[in-house]
Amino acid sequence: MTIVNFTPLPAFLGGALIGLSAALLLLLKGRIAGISGIAGGIIYPEKGDMDWRFMFIGGLVIGGLLYQWIGLGAGVDHIQAVVDTPMLIVAGVLVGIGTTIGTGCTSGHGICGLARRSPRSLVATVSFMATAFVTVFIVRHLMGA
Amino acid sequence: MTKSLNLAVALIAGVLFGFGLSVAQMIDPAKVVNFLDVFGTWDPSLAFVMGGGLLVNAIATPLIMKRRTPVLAEFFRVPAKTEVDSRIVVGGVVFGIGWGLAGYCPGPMLTSLSFADGSIVTIVVAYVAGTFATKWGLARWEHYKHLRHQKNEACVG
């Protein structure tokens, strides 16, 4: 094991901002800041409950742009996908299927659900974390990619 | 008034979330995959992202849930289900494979649309297709189960 590019402070601060966003959404709107859940209601339209979802997802993109505009994102221009197009398609489809069947992703289960001490979210988080670790181990160390 | 306030809250929460993901550098899939690579080039940062998010929420959520209602809505729309079923595990496993393969979970994926990059659009389209197909399939399945249930009831009657 070699530890690389460890950035605990920005990671913690960024995480706290994500937590603040989730707390705001719960306090003011009574909704869970689960990205796959919010996006899912647009992708498979939940009529009458769409406008705020568009605002939130639009906000995500604006948040990313804001970070680049104010110059904090020095070097973000070289951020790119780590796999080729066929793999991106496979990965994207699996993320869509998995988060829909499992009713949540890293944010909804991993942050909001665990904070609510939901047993379902704990099992979901352990499932996707463990599988992701195993997947990377297989791809990088057994298949040697 | 409440309506536009509601939309403003959703927008602000979204901006905060996307900005937070960017500050945490979770929008860099190389960093995410390195977090998942404990036996290779390990980058433990992502654990601190979850730690920061969890810390804020573990304190805030119980305080917020003491209220009878949210500030701008009539009730909390929080999942009531607590029993663990196989769906939760199967979904988690499928999601985990996809996440490990490309290093993108839904939040960073959608936030990265801000890069206006072709590979991001590709994975987002695939994610949207996977989500739509699954939601459609689940809805068909529920419909089928409902029909079968009705038929059985009719037989009994």
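The structure displayed is predicted, hence computed values, not measured ones. Convention: sequence-line order gives letters A, B, ...; per-chain numbering from 1.
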Flag yes if more than 12 heavy atoms outside R117(A) fall under 6.0 Å of its CZ atom; otherwise flag no. no
Does R120(A) use its side chain to pair, donor to acceptor, with the backbone of V84(B) at less than 3.5 Å? no
Strictly distance-based, threshold 3.5 Å: is any side-chain N or O of T131(A) a donor or acceptor partner for the main-chain N or O of G96(B)? no
Can you name the closest pair of heavy atoms from [X] and [Y] and give their distance?
X	Y	result
Y127(B)	S36(A)	OH-CA, 3.4 Å
M50(B)	G110(A)	CE-O, 3.3 Å
I18(A)	L21(B)	CD1-CD2, 3.6 Å
M55(A)	L11(B)	O-CD1, 3.5 Å
I79(A)	P29(B)	CG2-CD, 4.0 Å
A10(B)	W52(A)	CB-O, 3.5 Å

Heavy-atom cut-off 4.5 Å, strictly under: side chain, backbone, both or neither for [X] against chain B?
X	answer
A81(A)	both
F6(A)	both
V61(A)	both
I57(A)	side chain
A33(A)	both
T135(A)	side chain
V4(A)	both

With a 4.5 angstrom heavy-atom cut-off, could you sort out which part of [X] is near chain A: side chain, backbone, both or neither?
X	answer
E83(B)	backbone
A129(B)	neither
R77(B)	both
A24(B)	both
V71(B)	both
M109(B)	side chain

Option that, when pairs with chain A are counted at under 4.5 Å, heavy atom only, ranks first among P79(B), G103(B), A139(B), A133(B): P79(B)
Any idea which of L110(B), D37(B), L46(B), L138(B) has the most non-hydrogen atom pairs under 4.5 angstrom with chain A? D37(B)
Answer key: most heavy-atom pairs under 4.5 Å with chain B among T125(A), D84(A), V123(A) is V123(A)
Report the option among S118(A), G96(A), A115(A) that has the most heavy-atom pairs separated by less than 4.5 Å from atoms of chain B. G96(A)
Taking C-beta and beyond as the side chain, do I43(A) and K135(B) meet within less than 4.5 Å on heavy atoms? no
Using 30° and 60° as the class boundaries, would you call the ring planes of F35(B) and F133(A) parallel, tilted or perpendicular? tilted
Measure up the Y44(A) and F132(B) rings against each other and bin them: parallel (under 30°), tilted (30 to 60°), perpendicular (over 60°). tilted
With no hydrogens and no angle check, just 3.5 Å: does a side-chain donor-acceptor pair link [X] and [Y]?
X	Y	result
S114(B)	Q68(A)	yes
R140(A)	N34(B)	yes
T7(A)	K31(B)	yes

